[in-house]
Amino acid sequence: MKHFSKGLFVGAVIGALTIAAPLSHAATPRDQLVIGTSLAQVLSLDPHQATEGKAVEIMSNLYDRLVNSTPDGKIVPQLAESWKVDDKGITFTLRQANFASGNPVTAKDVVYSIGRLLKLDQAAAANLKRVGYDKNNVDKLVTAVDDKTVRIDFSGQVTAEMLLYRLTTSTTSVVDSVEVEKHVADNDYGNAWMRTHSAGSGPFTLNRWSPNELVILDANKDYVTGAPKMKRVIVRHVPESQVERLMLERGDIDIASAMTAADLATFKDKQGFTIQRIPTGGFYVLSMNAGNQYLSNPKVREAIAYGIDYKGIEKTIMGPYGRARNVPVPENFESAIPNPDWHLDVEKSKQLLAEAGFKDGFSLTLKTIAQTPRIDLATAIQASLAQVGIKIDIQQGNGSEIIAAHRARDFDLLIPQTSAYMPNVLGSMEQFSSNPDNSKEANNAGNFVWRSAWDIPELTALTAKASMEPDAKKRGELYVEMQKMFVEQKPAVLPMFERFEPIVLSSKVQGYVGHPTQLTRLENVTKSEAQ
């Protein structure tokens with residue numbers, strides 16, 4: 001299997017722009033890291049519930065997992081100091097570690113945590129449910145051999161490598177079962193309390209979360225590898241790009257990660273700053289509700305694919321945030337196929353609409369979180385589709401509103417974003433190509449394709465086959481077949497731009513390396529004195 005290449009996932013992360021001299025403005029405290037970003041999507045800090053990007057970034061510093069992945073895609077130990085794979089499953093040996101409460105991390109906590117994830121049965125459980133683990137079999141498949149040994153048996157739908165990568169995600173974080181159980185109310189598995197508190201063994205603890213205002217993390221001085229270098233991390237909600245730019249220039253924040261392409265460009269070659277452009281393996285997507293009378297028609301979906309000016313939007317809006325790509329696999333990945341011939345072609349788009357029976361066009365709503373760069377992207381799509389006769393009404397909302405609408409199938413068009421949970425075709429594409437039960441009764445809101453009501457039984461079966469294929473060459477052939485089938489079916493989940501995460505750092509910040517899946521760890525981040 002091909003890992004994220006260092007040229008992409010380390011060189012691109014570290015090597016964009018590095019300048020040594022600092023600003024001569026006010027400075028944040030040397031023992032505190034202050035991050036400016038948008039917290040609009042942070043709806044919960046329960047790792048077995050939350051899946052949104054910024055929430056993941058926060059939770060990855062509150063919790064450890066059995067295993068972790070490095071920015072270049074390698075699986076490394078975290079709470080498990082070692083593991084052994086056999087033909088029936090994986091046996092993990094835990095290291096000596098404590099939760100922030102002082103309670104020891106035991107095999108019981110690991111079993112409790114994976115069981116809690118699947119029994120809560122929210123969107124966070126999708127990554128394990130997709131390969132055969134669920135609330136009905138988890139107690140049989142995930143067991144404690146002794147206090148420091150955990151056994152996870154295979155479900156019959158996953159290989160060892162694929163399971164290990166799934167265990168690196170924040171949704172499999174290990175929680176303090178003793179602490180969580182103290183706060184269970186009405187059989188909620190402690191969720192009401194866990195949304196706003198932490199019960200982990202990570203390098204930081206949650207001091208405070210004020211929605212759409214700030215998050216404060218305090219160092220866990222007893223962390224197993226030593227206390228973090230930063231005494232405190234403050235994440236501030238700064239959704240206005242120009243405000244964030246000015247705060248970074250003044251020294252009010254150390255890191256900025258929610259600026260427009262234009263404001264980001266002002267820091268290019270600017271003294272005192274470093275820019276990182278982090279590839280995520282994911283995409284900005286135009287989700288189309290296939291339950292809609294127009295969007296159920298593949299010709300209409302293809303007309304929309306030909307009705308968007310990808311290159312123009314990339315140049316004028318996306319900039320460092322994305323590059324045009326309509327296959328849900330980054331072009332540098334092994335077995336990635338070339339892009340289909342989808343480009344702005346007004347006449348072809350109109351012809352397809354006419355063939356579908358809608359030569360006079362129609363109207364749709366497009367829902368989006370009011371956040372960079374999605375609101376500008378929505379406006380550009382509105383203008384582009386107007387040329388082919390599709391009138392778009394944009395509805396902006398906060399994270400909770402738009403995410404809830406997406407999960408409830410309450411939309412015509414919607415702009416979400418994805419990332420890859422492992423560095424190969426399946427890790428990026430699986431969420432676009434697997435929908436085992438499209439019925440409304442399944443209520444599988446954790447499934448990305450289900451949210452668009454797009455029924456794809458053949459592609460789902462092919463995805464499952466690829467995930468179980470042990471031979472690398474045959475697996476690569478299946479990956480190619482998956483991508484071709486995806487394109488042929490005129491997807492209701494249309495990748496538009498391969499997604500990058502651009503951030504700007506004060507050059508005083510050392511040791512910050514952005515992670516492709518936003519599992520960025522902060523315990524080794526330091527800040528130098530002003531020069």
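Keep in mind it's a predicted model, so treat the numbers as computed, not measured. All heavy atoms count here, side chains included; hydrogens, waters and symmetry mates do not.
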For side-chain hydrogen bond (donor to acceptor under 3.5 Å, both in side chains), just list the numbers for D176 and S101, CA-CA rounded to whole Å, side-chain angles, deciding distance to a tenth of an Å, and then say yes or no.
CA-CA 8 Å; D176 185 340; S101 67; 2.6 Å; yes
Test side-chain hydrogen bond (donor to acceptor under 3.5 Å, both in side chains) on N220 and T205 and set out the steps.
CA-CA 6 Å; N220 176 5; T205 61; over 6 Å; no
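A ring-centre distance under 6.0 Å is not found for F500 and Y321. Taking the six-membered ring where the residue is Trp, the centroids of F411 and H406 are separated by under 6.0 Å. A centroid separation of 6.0 Å or more is found between the aromatic rings of F283 and F497.
The existence of a salt bridge linking E331 and R325 is excluded, since no basic side-chain nitrogen approaches an acidic carboxylate oxygen closer than 4.0 Å. The residues R499 and E501 are annotated as salt-bridged, a charged nitrogen and a carboxylate oxygen being separated by less than 4.0 angstrom. Note on K270 versus E249: salt bridge recorded, some NZ/NE/NH1/NH2 to OD/OE distance being below 4.0 Å. Remark: K229 does not engage D31 in a salt bridge, criterion side-chain N to carboxylate O under 4.0 Å. With salt bridges taken as basic N to acidic carboxylate O contacts below 4.0 Å, none links E314 and R323. Electrostatic pairing of D72 and K74 counts as a salt bridge here, judged by a charged N lying under 4.0 Å from a carboxylate O. Remark: E57 does not engage R521 in a salt bridge, criterion side-chain N to carboxylate O under 4.0 Å.
Here the straight-line distance linking atom OG of S60 with atom CG of N68 works out to 8.5 Å at 0.5 Å rounding. Distance check, rounded to the nearest 0.5 Å: CG of L39 to CD of E52 gives 12.5 Å.
Side-chain polar atoms of D254 and T28 form a donor-acceptor pair below 3.5 angstrom. Using a 3.5 Å distance cut-off with no hydrogens or angles, the side chains of D64 and Y223 do pair a donor with an acceptor. In this model, a donor atom of one side chain and an acceptor atom of the other lie less than 3.5 Å apart for Q371 and S38. The closest side-chain donor-acceptor pair between R166 and Y421 falls under 3.5 angstrom. Looking only at atom types and distance, the side chain of T37 has a donor-acceptor partner in the side chain of S257 under 3.5 Å away. For the residue pair T365 and D412, a side-chain donor N or O sits within less than 3.5 Å of a side-chain acceptor on the partner. Looking at E430 and T463, their side chains never bring a donor and an acceptor atom within 3.5 Å of each other.
Considering only heavy atoms from C-beta on, V42 comes within 4.5 Å of W209 through its side chain. Within the 4.5 Å cutoff, the side chain of I308 has no heavy atoms near those of the L344 side chain. Counting heavy atoms from C-beta outward, L364 and L295 have side chains that approach closer than 4.5 Å. Side-chain contact between F99 and V175 is absent, with no heavy-atom pair separated by less than 4.5 Å. In this structure, Y284 and M318 have side chains that are in contact, with non-hydrogen atoms separated by less than 4.5 Å.
Side-chain atoms of Q32 never come within 3.5 Å of backbone atoms of V233 as a donor-acceptor pair (strictly under, hydrogens ignored). Distance alone, capped at 3.5 Å, is enough to place a donor-acceptor pair between the S198 side chain and the L206 backbone.
Remark: R407 CZ is packed, more than 12 non-hydrogen atoms of other residues, nucleotides or ligands lying under 6.0 Å away. Surrounding CD of Q242 are at most 12 heavy atoms belonging to other residues, nucleotides or ligands under 6.0 Å away.
Checked against side chain to side chain donor-acceptor pair (under 3.5 Å), R116 has the following partners two or more places apart in sequence or in another chain: D46, H48.
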